[in-house]
Number of protein chains: 2
Amino acid sequence: MTPKPGKVTQREIARIAGVSQTTVSMVLNDRDGSNIRIPDATRERVRRAIEQSTYVADPAARRLAGLDNKILGVFTYESALTPESMDFYGPLLNGIERAAESLGCDLLFFTSSPVEEGRRRLFHRQTRLRLADGCVLLGQQMDGDDLERLVAEDFPFVAVGRRDETDAPVPYVGIDYGALTGALLDRAAELGHERILYMHRDRNSPTARDRLAAVARADGPDVALAVVGDDFAGVPGLVAETGATAVFAEDAFLVEDIALALGDEGAGLSLAALAEVRGHRIGGRALSGFHTPRQQIAAEALALLQELISTAPDERGGIEIQRLLQGEVALGDTLTARGGAR
Amino acid sequence: MTPKPGKVTQREIARIAGVSQTTVSMVLNDRDGSNIRIPDATRERVRRAIEQSTYVADPAARRLAGLDNKILGVFTYESALTPESMDFYGPLLNGIERAAESLGCDLLFFTSSPVEEGRRRLFHRQTRLRLADGCVLLGQQMDGDDLERLVAEDFPFVAVGRRDETDAPVPYVGIDYGALTGALLDRAAELGHERILYMHRDRNSPTARDRLAAVARADGPDVALAVVGDDFAGVPGLVAETGATAVFAEDAFLVEDIALALGDEGAGLSLAALAEVRGHRIGGRALSGFHTPRQQIAAEALALLQELISTAPDERGGIEIQRLLQGEVALGDTLTARGGAR
DNA sequence: CTGAAAGCGCTTACAG
DNA sequence: CTGAAAGCGCTTACAG
């Protein structure tokens, strides 16, 4: 007469072991302080009862009673697991999975969040956000209101990528794109480039602004800016007009499109992406750009998140919540000395 | 005097709206049956109070009170998000994410499960399994005890891939590798191959057995079997010995290794994988093998899981819980008519 | 050393 | 039509 398959509770264990349910809880959680002292004999009895049953603590009840859940939320502003998004999210997710493994945490992906204007909404009527002890946010652009609210509610979270869309200080772990951009410009200058064309998508994200700001304060080469959309027909003209000997673009895909649009006219022109270039080649040559430590970002983000989770809101002041990691310039083969065919 | 940031409860809403907490719950859940009839005015008052607050239902409490959580578990016997595993898991995870999105469910990845003997354990002291309404299991090999226990506990779950390691009937959605193998052998026969070498890893998984069984009952060509490990030095000898004009292997990676080991001696030899071959090429030619509908498997698995979740255990009898989907033979370029160079 | 009690935030019979 | 009460399974003061 099994009471109900698959639903053993502490009360049941207590009955078997002949103790109170409280004691079972104490044993399970290794509570062993000044005023609670459970003799090994009792402890052992409870342990055996648990082992012989299929007892597992109900995580919902634990959570309700105020304990950590060992569940970390993962919120992505776009679908994370599509083949296209894996290029960007893949290394991050991999790093997150590994970090979660070693922290003993499960990962809750908020795939249910309703999509509005092409992006998911974090807060909605049925959000399971609170089931997680904390949350990692991923995405090129984030919603400032979401971030404000998370801060206001003292909910532990960490954004991946630098954030500046709020007044409130948002915890983040990101890459120092400004520094990388500066370094790449210096390199271009060394190679003799005096006029560079920077093509970007005019996106309103902090990292996009970081690149633009770094480009704007370049003291070596003269950098012309151009916004591109989906049409690359005007690219050759732009290059000619500006007299650029090198074209930089916001990301590797953009460089690929630009190279395609340039065709033979691109021969002799240097190319580089102000972003991760791993695995990208242009006409057989390794694209110049950056190497960004994305696995490390993920690990660092989860470490920070854990810190926030295990610290009371009013004591988080001591934690350095905004962290920029340094990437490195990937020289590649497409940024070469000025003086090619054109 | 905000009571505590980020923790608005139904009681709070009730106070504001001047109703009982029960009524708030009723409104939230649209309970509107024979004996409960809440006037629109009241309903509206509650709605407004909710909208003006930042109320979100505590999922832990809902769950404890017996409601569905809209959380689906995802358990993988190996790490799912590594670059290497993405080849296999990627399309499945993508399909799962999409299905979860359209079902309005969140996804709980059990990354915390302790690893024993290279594989994760589903059941452990702190498993958050029960937080999910149901669970999808992924992995080439699964633990029979895990499956038995899930069945015994009436926990809704679906395995991806055919299962046969238990007496109890395990719900699964898989590919009919037996049929595919038969079809590929027929094709080989049509192309004049009379002696085929099938190289496999001697894995003890249902799909591995399905392939072997189909190979064994081939009535056309004569198929020799060989187990390979990490050493492929003996491959050329084996081919010569058996007089095979075609070599089949368990998966695309294995074919690649074999092709490498054969080198020039492989010229004229037909090659095929008894598995998904998308994206695999051998010496520039598209590898022959199968196309398996992995996105569809994921969708079907989640649909079945939803069915199980929303059906009481004693009424699940009517559900067809074991589903094999048909893939298709990918002709490719490496399975050609007999009579090449050798 | 150990148990009875209150409480976490919700849902759902059960009374008005 | 609406509220007071019990209960989901757990944890943690608080009494013995």
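Chain identifiers are assigned alphabetically (A, B, ...) following the order of the sequence lines, protein sequences preceding nucleic acid strands; residue numbering begins at 1 within each chain.
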Review point. Roughly, in whole Å, what's the span from CZ in B/Arg11 to P in D/dT2?
Key: 21 Å
Review point. Is A/Glu307 salt-bridged to A/Arg323, going by a charged N under 4.0 Å from an acidic O?
Key: yes
Exercise for review: Calculate the interatomic distance between B/Leu64 atom CG and C/dG7 atom C1'; express it in whole Å.
Suggested key: 12 Å
Practice item. Would you mind telling me which of B/Pro156, B/Cys105, B/Ser310 makes a side chain to side chain contact (heavy atoms under 4.5 Å, CB included) with B/Leu305? Key: B/Pro156
Review point. Between atom CG in A/Leu28 and atom P in D/dG9, what is the gap in whole Å?
Key: 15 Å
Review point. Choosing from D/dG3, C/dG9, C/dC1, which nucleotide comes nearest the side chain of B/Val19?
Key: D/dG3
Practice item. Hunt down the Watson-Crick or G-U wobble partner of D/dT2, both distances under 3.5 Å, from any strand shown, or write none. Key: C/dA15
Review point. Has the side chain of B/Ser20 got a donor or acceptor that lies under 3.5 Å from a partner of the other kind on the base of D/dA4?
Key: no
Practice item. Answer yes when B/Asp106 and A/Arg128 have at least one side-chain N-carboxylate O distance shorter than 4.0 Å, and no when they do not. Key: yes
Review point. A/Gln126 CD to C/dT11 P: how many Å, rounded?
Key: 9 Å
Review point. Can you tell me how far C1' of C/dT11 sits from CG of B/Asn69, to the nearest Å?
Key: 13 Å
Review point. Atom CG of B/Asp40 to atom P of D/dC1: distance rounded to whole Å?
Key: 10 Å
Review point. Is the shortest side-chain N/O distance from A/Gln10 to OP1 or OP2 of D/dT11 below 4.0 Å?
Key: yes
